[in-house]
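Just so it is clear, the values below take in all heavy atoms, side chains as well, and ignore hydrogens, waters and symmetry mates. A note on names: the letters A, B, ... follow the listed sequences, proteins ahead of strands, and every chain is numbered from 1.
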Protein chains: 2
Amino acid sequence: MRVDSKIIVTKEKQDENLYQSLAERSKHEDFLRKAVDLLVERVVFGRSTRSSKVVEWAAPEEIKKAIDLKPRSGPASHDELLAFMTNVARYSVNTGHPHFVNQLFSSVDPYGLVGQWLTDALNPSVYTFEVAPVFTLMEEEVLREMRKIVGWPEGEGDGIFCPGGSIANGYAISCARHHFYPEVKYKGVHAVPKLVLFTSELAHYSTKKMAAFMGIGSDNCITVKTDNVGKINTVDLEMKIKEAIDNKCTPFMVTATSGTTVFGAFDPLVPISDLCKKYNLWLHVDAAWGGGALMSKKHRHLLNGIELADSVTWNPHKLLAAPQQCSTFLTRHKKVLSEGHSSNAQYLFQKDKFYDTSYDTGDKHIQCGRRADVLKFWFMWKAKGTEGFEKHIDKLFDNAKYFLDHIKQREGFQLVIAEPQCTNIMFWYVPKCLRGCENDADYYERLHKVAPKIKERMIKEGSMMVTYQPQGDLVNFFRIVFQNSALDHKDMVYFANEFERLGSDMIV
Amino acid sequence: MRVDSKIIVTKEKQDENLYQSLAERSKHEDFLRKAVDLLVERVVFGRSTRSSKVVEWAAPEEIKKAIDLKPRSGPASHDELLAFMTNVARYSVNTGHPHFVNQLFSSVDPYGLVGQWLTDALNPSVYTFEVAPVFTLMEEEVLREMRKIVGWPEGEGDGIFCPGGSIANGYAISCARHHFYPEVKYKGVHAVPKLVLFTSELAHYSTKKMAAFMGIGSDNCITVKTDNVGKINTVDLEMKIKEAIDNKCTPFMVTATSGTTVFGAFDPLVPISDLCKKYNLWLHVDAAWGGGALMSKKHRHLLNGIELADSVTWNPHKLLAAPQQCSTFLTRHKKVLSEGHSSNAQYLFQKDKFYDTSYDTGDKHIQCGRRADVLKFWFMWKAKGTEGFEKHIDKLFDNAKYFLDHIKQREGFQLVIAEPQCTNIMFWYVPKCLRGCENDADYYERLHKVAPKIKERMIKEGSMMVTYQPQGDLVNFFRIVFQNSALDHKDMVYFANEFERLGSDMIV
C-alpha cells in the first residue's frame with residue numbers, strides 16, 4: 001500500500017479549477033432566474049385574479065397535442081423548457097383561483113408557497129436528526145401545539161405528518177390494533193380474533209380502503225346509519241357493536257368524523273366516546289376536514305369532545321389552506337406510534353451516534369424517506385399567528401352563512417341540508433323547466449341530469465368549479481366548498497348568479 | 001322566493017373594487033420576490049459550492065435557541081420571516097452539497113427544482129382528470145416509459161407514484177395478495193390461509209414493516225440468507241419456501257432487491273424468477289435504489305431478468321437524482337392496482353362526467369388527495385433526455401470505481417466488500433493505532449468505535465457527510481454513496497484525504 005500523497009486537493013482549489021462546472025452553473029442560474037420570473041408573474045399572480053379563467057378546458061387528446069408529454073432521448077433547450085412550463089400551467093386547473101371551490105382544498109397561500117419552495121431548495125428527507133435537524137424539531141413543536149389545541153394534557157401523546165388523510169386514518173387503525181393486540185405486528189391478524197371497526201355511512205372512504213389494505217377487510221369496517229343532517233346515529237352504532245359481538249367478532253375501534261366529506265357533518269363525539277368507554281374501543285376522530293375549526297373560539301364547539309379521542313386526523317391543507325400536502329395524525333398515547341411501527345434498522349437508526357438519538361423520529365413512520373411537510377405550515381403559522389388562522393376560519397364560516405342565506409332567497413336553489421354545519425353548502429339548482437314539476441314521476445330522474453350539464457358548461461367556460469355528486473337516494477346535487485378566505489360576500493353572489501346564468505334556461 | 005337582481009357582480013368589477021385586496025396582493029408580491037431572491041442566491045447557489053459547509057452542526061437545544069420554533073399567537077413581520085428562512089437554511093443539512101454522500105439521495109438538480117416549484121405554484125392534488133388534467137396524463141406517459149425501460153411488452157401493465165419506496169413495497173404485497181386472494185380485500189386475511197413472503201436478510205426494512213402494517217405480521221416475512229457480496233442465496237430461498245409449506249403456511253411472493261440499501265447488492269433475478277414460477281409466487285423487485293441503472297446500456301445488466309418480475313419499485317429520487325420525493329410502483333398486470341384498491345367513491349369518481357372517466361385514475365391509490373410527484377422528474381427528463389440520464393448513471397459508476405481503486409491503494413482503508421456492485425462503497429477506516437493489531441482480541445471492539453468518532457468530527461467540521469453502520473457480525477463501517485454526477489475524480493481523492501485527516505491519528 002502507498003499513500004498517493006501527490007494529489008492534494010483543497011475545497012477552494014476544486015471550485016476554482018472547475019471552469020466547465022462554473023460555466024454550467026451560470027447557465028443553470030440564468031435558467032433558474034428566468035423560470036422563477038415566469039413562476040411569480042404568470043403562474044402565482046397571473047392566475048389568481050378573478051378575471052382569469054379557473055380552467056382552460058381541453059380534452060385529453062388536445063392536451064397531448066398541445067404538450068409533448070412523452071419522455072425523449074435528447075435534451076430540450078432552455079427556451080423549450082420555459083415553453084413547457086407555460087403550457088403545463090395553461091392547461092392545469094387553476095386551484096389558486098378564488099372561484100375554484102370544487103374540493104376540500106384550494107388557494108395558494110403566499111407564505112405557504114414560500115415555505116414549500118424553501119423546503120424544496122433544502123431537499124430534505126425527514127428520518128434522523130442528523131440529516132434533518134431543523135425539520136425534526138419543527139415537526140415536534142408543531143405537532144405538540146396541535147395536540148394542545150385538540151385539548152389533550154401537555155406532555156402527553158405523539159404525532160406524525162402523513163402523506164394524506166387516508167394514510168393518517170390507516171395509522172389510526174394500526175395504532176388501535178397495536179394498543180389492544182400488539183402481537184399483530186409480529187404474528188399478523190391470524191393470531192387474534194376477527195377484528196371489526198365502525199364508522200358512519202357518510203365517513204370518508206379511506207377507512208374502508210385502509211381496512212382492506214391492512215388485512216382487516218372492508219366488510220369488517222361496519223357502517224353506521226346517520227341522521228338527517230349526516231351525523232352518526234349512536235343508537236344504531238351501539239346496535240351494530242352488539243350485533244358484531246353476537247356474531248363472534250371483536251370490535252376494537254370507532255372512527256368518528258368531524259366534518260364529513262360531502263355534508264360537512266360533525267359526529268357527536270361525547271356520546272360516541274361514552275360508547276367507546278363502555279365497550280373498550282379506541283376512538284379515532286377523522287377531523288381531516290373540520291379540524292381547522294378548532295382554531296376558532298366561535299366554531300370549535302363543533303368538535304366538542306374531541307379531547308376524549310384516542311387519536312385524531314387533522315389536515316392543515318384543508319380548512320387552514322396550507323399547500324398540498326399537509327396531513328397529521330395525532331394521538332394522546334405516547335408510545336403507540338413508535339412501538340407499533342418501529343423496526344430499528346441498524347443502517348439508519350444507529351444508537352451509538354454522538355447526539356441524543358431520541359431525536360431520530362423516523363422509525364415511527366411506515367415511510368422511510370419522507371418529504372418535509374411541516375415547514376410550509378409552520379411558516380404560515382408564523383406569518384399569520386394563531387389569531388390569523390382564527391380570522392381565516394371565521395371568515396370562511398361567515399361566507400358560507402352568507403351564501404346559504406342568499407340562495408335561500410333565490411329562485412331555483414333547493415337546499416339538500418337546510419342548516420349545514422361546516423363550510424360546504426349542498427344544493428340542487430333547478431332549471432325553469434323543472435320548477436313546479438316536483439310531483440312528476442320523472443322529476444328526480446330529470447333533476448339528476450342537471451348537475452352534470454351545468455358542470456360541463458362551467459368547466460368549458462372556465463367561470464368557476466363546483467363539484468356535484470349523488471349521495472344514497474339523493475340525486476346529483478352541488479357541493480360548494482369555502483376554504484379560501486380571500487373570498488368575500490360579492491363572490492357568494494357571483495356563484496349564485498353563475499348557477500342561474502348557466503342553468504336557468506337549461507332543458508332536461 | 002325572489003331573485004336578488006340588484007346585485008350584479010362581474011368578475012372584472014370585483015377585482016377593481018377590491019382595493020384592500022390589491023394592496024394586500026402587492027404586499028404579498030413584494031415579499032414573494034424578496035423570498036425568491038433569498039432562495040436563489042443564498043439557498044440554491046450559495047450552499048452548493050465545495051467551499052461551503054455540508055452542515056453547520058448545532059445540538060437540538062442550540063437550534064431551539066437560534067430559531068423560535070414554537071407557533072405563536074400573533075403574526076411575524078416580513079423581515080422576521082426572511083430571517084426565519086435564513087436560519088432554517090443555515091441549520092439545515094446542505095443535502096445539495098457535493099460532499100453530502102450520506103444517504104441514497106443528494107444534490108438539488110436545477111431542473112428538478114424548477115419542476116417542483118412549478119408543481120407547488122399549481123398546487124394540484126392528483127385524483128381526477130377534471131382537477132389535474134396535465135398531471136394525470138403526464139403520470140401515464142412517464143409510467144408507461146418506465147415500464148418500457150423495465151422491459152415489459154408495450155400496452156401491458158400499470159403504475160403509480162407513491163409517497164416513498166416503503167409504501168411502494170407495501171403496494172407490491174397488496175397486489176400480490178390480491179392477485180392470488182382477491183377475497184382479502186373484503187373479508188380480510190382471516191378468510192385465507194396463513195400467508196408468508198420472502199425477502200433477503202439484507203433487504204430494506206420496509207418489506208417487514210409493511211407486512212406488519214398490512215396484517216400479515218413481520219414474522220411471516222421470512223428472511224433468506226445472502227452470499228459474501230450480499231446477493232440472495234437461492235438455495236436457501238428454496239429451502240425456506242419448502243419449510244414454510246411444510247409448516248402449513250402459504251407462500252405467495254418473493255421480494256428481490258436490485259441495489260440493497262447498505263451493500264448495493266443485486267439479487268440474481270433469473271433464478272429467483274424460476275423459483276417463483278415453480279412455486280407460483282409473485283415476484284416483486286425492489287429496485288428503489290438500483291432502478292436508475294436500467295437507463296445505462298453499460299450497467300443495466302445488473303438487473304438482468306427484471307422483465308420477469310410481476311412488479312417493481314423504482315425511485316427516481318435516488319440514483320436518478322430527482323428531488324424528494326419521487327417513487328414509483330410498476331406492475332405488468334393491467335388491472336391489479338385498480339381492482340385491488342378501488343372503492344368507487346361517488347363523490348369523487350362520478351361516472352356521469354362529460355369526459356372519459358377512465359382518466360380518473362385516483363382510485364388505484366390508497367391515498368385520496370395526493371401530491372403530484374411526476375412533474376419534477378418529467379421536467380428533468382425533458383431537460384436531459386434519456387441520454388442525459390445515461391451519462392449521469394455512467395459517471396456515478398465511474399466515480400465509484402475510481403474511489404474504490406483509489407482507496408485500495410491507500411493505507412488505512414479496508415474494504416468490506418472487495419467488488420461492490422452499485423455506487424455504494426463500504427469500508428473501514430483504520431487509524432494508525434490499530435494498524436497491525438488485526439489479531440488482537442479487542443481489535444474489532446476498538447474498530448467498532450472508530451466510525452462514530454470520525455462521523456462526529458466530520459459533522460462538527462461540516463467537511464463532508466458519510467454514513468456508517470454495523471451489519472450482522474460486521475462492526476461499524478462507512479458506506480459512501482455516489483448519486484450526484486456533479487462530483488468528479490478530484491472529489492474522490494478529497495473524500496479519501498478527509499478520512500485520513502480526521503481519522504489517522506485517532507486513538508481508540
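B:Q350 touches chain A through its side chain: at least one heavy atom from C-beta onward sits under 4.5 Å away, while N, CA, C and O do not. Proximity to chain A is limited to the side chain of B:K209, based on heavy atoms less than 4.5 angstrom apart. Residue contact with chain A, scored on non-hydrogen atoms closer than 4.5 Å, involves the backbone and the side chain of B:E387 alike. Contacts of B:M210 with chain A are made by side-chain atoms alone, with heavy-atom separations under 4.5 Å and no backbone atom involved. Heavy atoms closer than 4.5 Å to chain A are found in the side chain of B:F135, but not in its backbone. Contact of A:A372 with chain B is not made at all, since no heavy-atom distance falls under 4.5 Å. For A:T136, no part sits under 4.5 Å from any heavy atom of chain B, backbone or side chain. Proximity to chain A (any heavy atom under 4.5 Å) is shown, for B:V131, by both the backbone and the side chain. Contacts between B:L118 and chain A at a heavy-atom distance below 4.5 Å involve backbone atoms as well as side-chain atoms. Heavy-atom distances place both the backbone and the side chain of A:F213 under 4.5 Å from chain B. At a 4.5 Å heavy-atom cutoff, the contact between A:N476 and chain B is made by side-chain atoms alone. With a 4.5 angstrom heavy-atom cutoff, B:H204 touches chain A only via side-chain atoms. Within the 4.5 angstrom heavy-atom criterion, only backbone atoms of A:P124 (N, CA, C, O) approach chain B. For a residue to count as touching a neighbouring chain, one of its non-hydrogen atoms must lie under 4.5 Å from one of that chain's; by this rule B:N315 does not touch chain A. No part of A:L104 comes within reach of chain B, as not one of its non-hydrogen atoms sits under 4.5 angstrom from that chain. Both the backbone and the side chain of B:P110 come within contact range of chain A, with heavy atoms under 4.5 Å apart. In this structure, the portions of B:A121 lying under 4.5 Å from any heavy atom of chain A include both its backbone and its side chain. For A:Q103, the part sitting under 4.5 Å from any heavy atom of chain B is the side chain, from C-beta outward, and nothing else. In this structure, the portion of B:I216 lying under 4.5 Å from any heavy atom of chain A is its backbone and not its side chain. Both the backbone and the side chain of A:L137 come within contact range of chain B, each with at least one heavy atom under 4.5 Å from a heavy atom of that chain. For a residue to count as touching a neighbouring chain, one of its non-hydrogen atoms must lie under 4.5 Å from one of that chain's; by this rule A:Y355 touches chain B with the side chain only. Heavy atoms closer than 4.5 Å to chain B are found in both the backbone and the side chain of A:V88. Contacts between B:F84 and chain A at a heavy-atom distance below 4.5 Å involve the side chain alone, from C-beta outward. Using a 4.5 Å cut-off between heavy atoms, A:Y359 contacts chain B through its side chain alone, with no backbone atom that close. Using a 4.5 Å cut-off between heavy atoms, B:A58 touches chain A through its backbone atoms (N, CA, C, O) alone. At a 4.5 Å heavy-atom cutoff, the contact between A:F105 and chain B is made by side-chain atoms alone.
Contact tally against chain A (heavy-atom pairs below 4.5 Å) for B:P163, B:P71, B:A345: the top residue is B:P71. The most heavy-atom pairs under 4.5 Å with chain A, out of B:R33, B:R479, B:H365, B:M465, come from B:R33. Interface summary for chain B: among A:E145, A:K194, A:H28, the most heavy-atom pairs under 4.5 angstrom belong to A:H28. Ranking B:V184, B:I459, B:D356, B:V262 against chain A, the residue ahead of the rest is B:I459, based on heavy-atom pairs under 4.5 Å. When each of B:Q469, B:Q116, B:K382, B:K455 is checked for heavy-atom pairs under 4.5 Å with chain A, B:K382 comes out on top. Among A:V43, A:V36, A:V93, the residue making the largest number of heavy-atom pairs under 4.5 Å with chain B is A:V93. Ranked by non-hydrogen atom pairs under 4.5 Å with chain B, the options A:A191, A:S327, A:G74 are led by A:G74. Most heavy-atom pairs under 4.5 Å with chain B: of the set A:I167, A:L195, A:I67, this distinction falls to A:I167. Listed options A:A496, A:P60, A:S166 were ranked by heavy-atom pairs under 4.5 angstrom with chain B; first place goes to A:P60. Ranked by heavy-atom pairs shorter than 4.5 Å toward chain A, the options B:W57, B:F129, B:W117 are led by B:W117. Among A:V40, A:N344, A:V44, the residue making the largest number of heavy-atom pairs under 4.5 Å with chain B is A:V40. Of the listed residues (B:R72, B:E183, B:K449, B:H317), the one with the most heavy-atom contacts under 4.5 Å to chain A is B:R72.
The local environment of NZ in B:K64 is crowded, with over 12 non-hydrogen atoms from other residues, nucleotides or ligands closer than 6.0 Å. In the displayed structure, A:K353 atom NZ is contacted under 6.0 Å by more than 12 heavy atoms of other residues, nucleotides or ligands.
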Checking A:Y347 against B:T467 for the side chain to side chain contact (heavy atoms under 4.5 Å, CB included) test, could you report, in this order, the C-alpha distance in whole Å, the side-chain angles of both residues, the deciding distance, and whether it holds?
CA-CA 8 Å; A:Y347 82 93; B:T467 197; over 6 Å; no
Working for side chain to side chain contact (heavy atoms under 4.5 Å, CB included), residues B:T261 and A:L348
CA-CA 10 Å; B:T261 312; A:L348 196 55; over 6 Å; no
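Although no hydrogens or angles enter the test, the distance criterion places no donor-acceptor pair under 3.5 Å between the side chain of A:K70 and the main chain of B:V142. Between the side chain of A:R370 and the backbone N or O of B:Q325 there is no donor-acceptor pair closer than 3.5 Å. Using modelled atom types, one side-chain atom of A:W378 and one backbone atom of B:L69 make a donor-acceptor pair closer than 3.5 Å. The main-chain N or O of A:K185 is found under 3.5 Å from a side-chain atom of B:S218 such that the two form a donor-acceptor pair. Between the side chain of B:N123 and the main chain of A:S106, no donor-acceptor pair closer than 3.5 Å is present. Using a distance-only test at 3.5 Å, with no hydrogens or angles considered, no donor-acceptor pair links the side chain of A:S206 to the main chain of B:I366. Judged purely by atom type and a 3.5 angstrom limit, A:Q324 has no side-chain atom pairing as donor or acceptor with the backbone of B:G369.
Looking at heavy atoms from C-beta onward, B:P133 lies out of side-chain contact with A:Y91 at the 4.5 angstrom threshold. Annotation: side chain of A:D120 is not in contact with side chain of B:P323 (no heavy-atom distance under 4.5 Å). Side chains of B:D352 and A:Y468 form a contact here, defined as non-hydrogen atoms less than 4.5 Å apart. No side-chain heavy atom of B:V114 sits under 4.5 Å from any side-chain heavy atom of A:L81.
When all heavy atoms of B:A383 and A:P75 are compared, the closest pair comes out as O-CB, 3.0 Å. Nearest heavy-atom pair across B:S92 and A:L122 is OG-CD1, 3.8 Å. Here the closest non-hydrogen pair linking B:R177 and A:A212 is NH2-O, 3.5 Å.
The aromatic rings of B:F31 and A:Y111 sit tilted, their planes meeting at an angle between 30° and 60°.
In this structure, a donor-acceptor pair under 3.5 Å is present between the side chains of A:E130 and B:N102.
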